[in-house]
*Asks:* 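Got a structure for you, questions after.
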Amino acid sequence: MIELKNISKIYEDNTVALKNINLVIRKGEFLFLVGPSGSGKSTFIKLLIKEIDESNGNIYIAGRNICNLKSSRIPQLRRNIGCVFQDYKLLPNKTVFENVAFALEVIGKPDYEIKIQVPQALKLVGLYSKSNSYPYQLSAGEQQRVSIARAFVNRPPILLADEPTGNLDPGTSEGIMKILSRINLIGTTVLMATHDRNIVNSMRRRVVELEEGEIVRDQKRGVYGD
Amino acid sequence: MIRPRYFFSETFTSLKRNFFMAFTAITTVAITLFIVGFFAVIVYDIQGIINSIKSDVELAVYLEDNISEELKKYIEQEVISWKETDAVRYISKEQALERFKKQNEGSDILKEIEGNPLPASFEITLKNPEKIDQVALRFYDKDGNCIEGVDEVIYGRKYVNTLFSITAIIGTIAFLMVIALLLAAVVLIFNTIRLSIYDRRKEVEVMKLVGATNWFVRIPFLFEGFFEGFAGSVVSIILLYFICNFLLIRGERLIVDTMRIKELAVVGSGNFLSYTYIGVVVLGGLIGLLSSAIALRRYVKV
């Protein structure tokens, strides 16, 4: 599904964020990307959605090399990758329903599809009853669930999550992880960057550890580490 | 793929939700375009005054008293045949005296006149008063003396030349000021729209994140910019309309009545006002559209 070959990323100020990364992520896999802050986790995710360009190497998604993708093709790539962030990135002036529907509207889905798919996604994250609330009326955990619904409403084959539980308490985080597992069970490839030790340890999924831009560990059914 | 209804509803909900920014942009457009429009009208007005003064410039060719009929006819035909000539009027000695008496009615000077000392003359108005020097020269020979039959040519050379250089300067300054105002308007409007886009960068970020195409991101902003420019220009037109109709035209009538300058009230006449209105609207829409386009390019890397 996702393959990175000799990927390096050096920022303009010469910080080396990733060094020679080689990694294969198979379809339907659930993978934790762990490591301390500044180890390159966010850079990794930004490269996958082409928010930034790699300095070296190639990335293949579904067999396609995205490194020489024309900029006009980038939207197409992003439609196949759902994204969840630590800060939710919800639009404060839109309701829950509108926030989720927005993801479909901007890719030109017709109204009738929006009317079917948005409630489905909201039911998946258990927030159907709050369709008409605004983000500020929701708890942090609920806001993150809305952002997951938005990332998933288009049924992308890949879901990326960058510290999705970074702002949440352990109980709420557990709820978020249940939703991500459910999404993974449907067949979605999930890649989650985190430094939440408890979550990684309780899930027992594949763990890839980054340290100063290099992979120092790749473990099936792994734990967070020392 | 392209859904016009989405763009329209998105434009207007965003205008509603970003009311303050939209209001600021519209007000900015309205005020700046009003100033530009007002200035354009004033400039046009001044130009009109200048033109009417210019058309008053004439050349007086005084004839010798003993000029023969044939020579007089010949000179008249010759002057009429010049392409610069607009009109030629013959003033006989009697008419000249008549006029002089009228102008100096009640004055002691009339008592001192014996007989008729005034010469007959041709009064020539020109199509392009700037050429007055060249035309005047034709009544002189190589040595600088007047040609046969002509006594003197008078046109207030100094006055005319100063008038022309002053009008040229006024015209240039006014034109430059309109351009400067226009630039200021563009910068102000551009900044406001840029702010409104900056204000909504989060929305743009999300749009890009979920795979909106570049045009999809741009179009609502372009619509919005256009709408704000358009709405602002309509407001400025309304202001202009009232100012021009109730202040300018009345004020000018007053000036015309008191100073007895003919054909001064140019603001009320002709289609210039309508052209200004149309120009302001087109300008407003264009500035709005262009400002958003530039702001998008620079501040939302799509």
Side-chain angles (χ1 to χ4, degrees), chain A residues 45-46 48-53 69-85 87-95 98-114 121 134-135 146-156 158-162, chain B residues 1-25 192-193 195-225 227-228 292-294 296-302:
Chain A
I45 286 190
K46 282 178 186 162
L48 290 181
I49 55 172
K50 279 203 83 74
E51 199 176 314
I52 52 174
D53 289 325
L69 211 57
K70 269 192 280 176
S71 64
S72 61
R73 303 295 299 165
I74 292 175
Q76 203 55 46
L77 167 77
R78 292 189 182 150
R79 289 174 194 191
N80 287 305
I81 302 176
C83 268
V84 179
F85 295 92
D87 57 357
Y88 328 128
K89 296 195 194 297
L90 297 178
L91 299 177
N93 49 13
K94 286 184 190 288
T95 64
E98 287 168 340
N99 260 289
V100 177
F102 190 62
L104 294 176
E105 276 168 359
V106 302
I107 62 173
K109 282 279 163 72
D111 280 350
Y112 66 90
E113 270 186 55
I114 292 175
Y134 282 90
V146 176
S147 106
I148 295 174
R150 182 181 63 197
F152 192 64
V153 66
N154 185 33
R155 301 293 165 114
I158 298 167
L159 189 80
L160 305 180
D162 193 1
Chain B
M1 272 305 281
I2 296 301
R3 309 185 320 149
R5 207 161 58 83
Y6 165 82
F7 291 120
F8 280 116
S9 69
E10 192 60 23
T11 302
F12 286 101
T13 40
S14 102
L15 281 173
K16 217 163 59 194
R17 281 171 175 161
N18 301 292
F19 176 78
F20 180 71
M21 287 313 297
F23 181 78
T24 313
T192 318
I193 289 179
L195 271 178
S196 126
I197 290 177
Y198 181 76
D199 199 45
R200 286 161 58 197
R201 63 199 178 284
K202 205 171 168 186
E203 206 166 313
V204 172
E205 190 190 355
V206 172
M207 286 171 107
K208 283 157 69 184
L209 198 68
V210 295
T213 57
N214 293 342
W215 278 111
F216 198 93
V217 177
R218 284 186 198 124
I219 284 174
F221 284 110
L222 293 178
F223 267 168
E224 206 178 313
F227 177 80
E228 285 168 357
S292 352
I294 299 169
L296 276 173
R297 270 181 68 126
R298 283 189 55 187
Y299 296 94
V300 185
K301 273 183 98 186
V302 288

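Chain naming here is simple, since letters A, B, ... match the order of the sequence lines and numbering starts at 1 in each.
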*Asks:* Mind running side-chain contact (heavy atoms from CB on, under 4.5 Å) on B:Val206 and A:Leu91 for me, showing each step along the way?
*Replies:* CA-CA 8 Å; B:Val206 172; A:Leu91 299 177; 4.0 Å; yes
*Asks:* If you round to the nearest 0.5 Å, how far is CD of B:Glu203 from CZ of A:Phe102?
*Replies:* 5.0 Å
*Asks:* Please report the interatomic distance CD(A:Glu51) to CD(B:Glu205), rounded to the nearest 0.5 Å.
*Replies:* 7.0 Å
*Asks:* Among all residues two or more places apart in sequence or in another chain, which pass the salt bridge (charged side-chain N to carboxylate O under 4.0 Å, His left out) test with A:Lys46?
*Replies:* none
*Asks:* Report the distance from atom CD1 of A:Ile107 to atom CE of B:Met207, rounding to the nearest 0.5 Å.
*Replies:* 12.0 Å
*Asks:* Name the region of A:Leu90, side chain, backbone, both or neither, that has any atom closer than 4.5 Å to a heavy atom of chain B.
*Replies:* backbone
*Asks:* Could you measure the distance from the CZ atom of A:Arg73 to the OG1 atom of B:Thr213? Nearest 0.5 Å is fine.
*Replies:* 11.5 Å
*Asks:* Quick one: ring pair (Phe, Tyr, Trp, His ring centres under 6.0 Å) partners of B:Phe223, sequence neighbours excluded?
*Replies:* B:Phe8
*Asks:* Quick one: are B:Val210 and A:Asn154 in side-chain contact, heavy atoms under 4.5 Å?
*Replies:* no
